[in-house]
Amino acid sequence: MNASILFSPTFVACVLALAAPLPATAEDYGQAKVNPASLAEQDLAAETRGDVAAALALYSDDAIVQYGGLCWTPCVGKAAIQQELERRVAAKNEWKVIGKYVSGNVAVVQTELKIGYIESSGVDRVVVWNIYEVKGDKIAAATLVGQRTDPQTAQLIKWFSSQPKSQ
């Protein structure tokens, strides 16, 4: 290549233009249009204040909620999720976010959960990991997992397993 071309102002300007970083969006959430942690926090806050309608509005029509309450067999769709949200509100669940992590369209939110009816188990709160998957601006899936290494959570799990099973 001719040295005069390599160092011409036009060539240098083109190289610098290509080398300059393109303006990036503030965050990259993959398939999500919004921060998944923000939707997760909105969901947990709505449940804590007893607002089933506000929580349900955050879910897509074909969303899935799995584990806990009525959703040991996954709750699929808004009608099933509404029943679980109503159960959580009736139980006076109080969520407190203690950690959150986001990767792409997934948020993992560590919470302390106070459940209104667990006093007889001998615990006052449990630690739950809430995994939210978001598509667009809605929650597509939410999975709950108790942190078994937490002594109170382990005690509640043991207490639940000792309860008679309803048929």
Side-chain angles (χ1 to χ4, degrees), residues 27 29-167:
E27 300 289 342
Y29 301 120
Q31 298 177 11
K33 294 179 182 176
V34 298
N35 183 336
S38 174
L39 282 182
E41 289 175 306
Q42 290 175 54
D43 176 45
L44 299 171
E47 289 179 34
T48 297
R49 70 177 181 271
D51 192 343
V52 172
L56 189 61
L58 300 169
Y59 287 84
S60 66
D61 291 339
D62 59 348
I64 298 169
V65 172
Q66 50 193 0
Y67 307 129
L70 302 174
C71 299
W72 289 107
T73 299
C75 295
V76 179
K78 281 194 167 185
I81 294 170
Q82 180 176 350
Q83 290 179 341
E84 171 58 11
L85 293 173
E86 289 170 348
R87 185 204 63 79
R88 293 177 187 180
V89 166
K92 301 195 183 314
N93 285 3
E94 292 181 30
W95 300 92
K96 177 183 175 188
V97 174
I98 57 175
K100 57 186 169 182
Y101 313 88
V102 175
S103 180
N105 69 317
V106 176
V108 179
V109 181
Q110 185 183 27
T111 60
E112 286 185 347
L113 170 61
K114 291 183 181 180
I115 307 171
Y117 63 83
I118 63 171
E119 296 85 8
S120 59
S121 70
V123 304
D124 62 355
R125 61 101 186 119
V126 293
V127 175
V128 178
W129 289 88
N130 303 268
I131 305 164
Y132 287 86
E133 297 175 59
V134 174
K135 285 187 183 175
D137 62 351
K138 298 288 183 183
I139 298 166
T143 304
L144 284 71
V145 181
Q147 184 172 320
R148 294 174 180 267
T149 57
D150 172 68
Q152 289 195 58
T153 306
Q155 183 176 335
L156 181 66
I157 292 168
K158 183 178 178 181
W159 179 82
F160 272 135
S161 65
S162 72
Q163 299 303 300
K165 307 293 182 249
S166 59
Q167 303 269 342

Minimum heavy-atom distance [X]-[Y], with the two atoms named:
X: R49; Y: A54; result: NH2-CB, 3.7 Å
X: V106; Y: I131; result: CG1-CG2, 4.0 Å
X: V102; Y: G104; result: CG1-O, 3.8 Å
X: A55; Y: L85; result: CB-CD1, 4.0 Å
X: C75; Y: L70; result: SG-O, 3.7 Å

Rounded to the nearest 0.5 Å, how far apart are [atom1] of [X] and [atom2] of [Y]?
X: K158; Y: L156; atom1: NZ; atom2: CG; result: 12.5 Å
X: E84; Y: Y67; atom1: CD; atom2: OH; result: 14.0 Å
X: N130; Y: T111; atom1: CG; atom2: OG1; result: 4.0 Å
X: I98; Y: E112; atom1: CD1; atom2: CD; result: 4.5 Å
X: K92; Y: K114; atom1: NZ; atom2: NZ; result: 14.5 Å

Checklist entry - Between the main-chain N or O of A140 and the side-chain N or O of E133, is there a donor-acceptor pair closer than 3.5 Å? => result no
Check: Checking N105 side chain against V134 main chain: does a donor-acceptor pair fall under 3.5 Å?
Finding: yes
Tabulate below the donor-acceptor pairs under 3.5 Å that side-chain atoms of residues 141-150 make, not counting sequence neighbours, or state none.
unit_1	atom_1	unit_2	atom_2	d
T143	OG1	Q66	NE2	2.8
Q147	OE1	Q110	NE2	2.9
Q147	OE1	W129	NE1	2.7
Q147	NE2	T149	OG1	3.3
D150	OD1	R125	NH1	3.2
D150	OD1	R125	NH2	3.2
D150	OD2	R125	NH1	2.7
D150	OD2	Q152	N	3.4
D150	OD2	T153	N	2.9
D150	OD2	T153	OG1	2.7

Test side chain to side chain contact (heavy atoms under 4.5 Å, CB included), reference V128, set V109, L113, N93, output is L113
Applied to residues 58-78, the salt bridge (Lys or Arg N to Asp or Glu O under 4.0 Å) test, sequence neighbours excluded, yields D61-K78
Could you pull out all donor-acceptor pairs under 3.5 Å where a side-chain atom in residues 38-47 meets a protein atom, sequence neighbours excluded?
unit_1	atom_1	unit_2	atom_2	d
S38	OG	Q42	NE2	3.1
E41	OE1	K100	NZ	3.3
E41	OE2	K100	NZ	2.8
Q42	NE2	S38	O	3.4
D43	OD2	Y59	OH	2.9
D43	OD2	Y132	OH	2.6
E47	OE1	R88	NH1	3.2
E47	OE1	W95	NE1	3.0
E47	OE2	R88	NH1	3.0

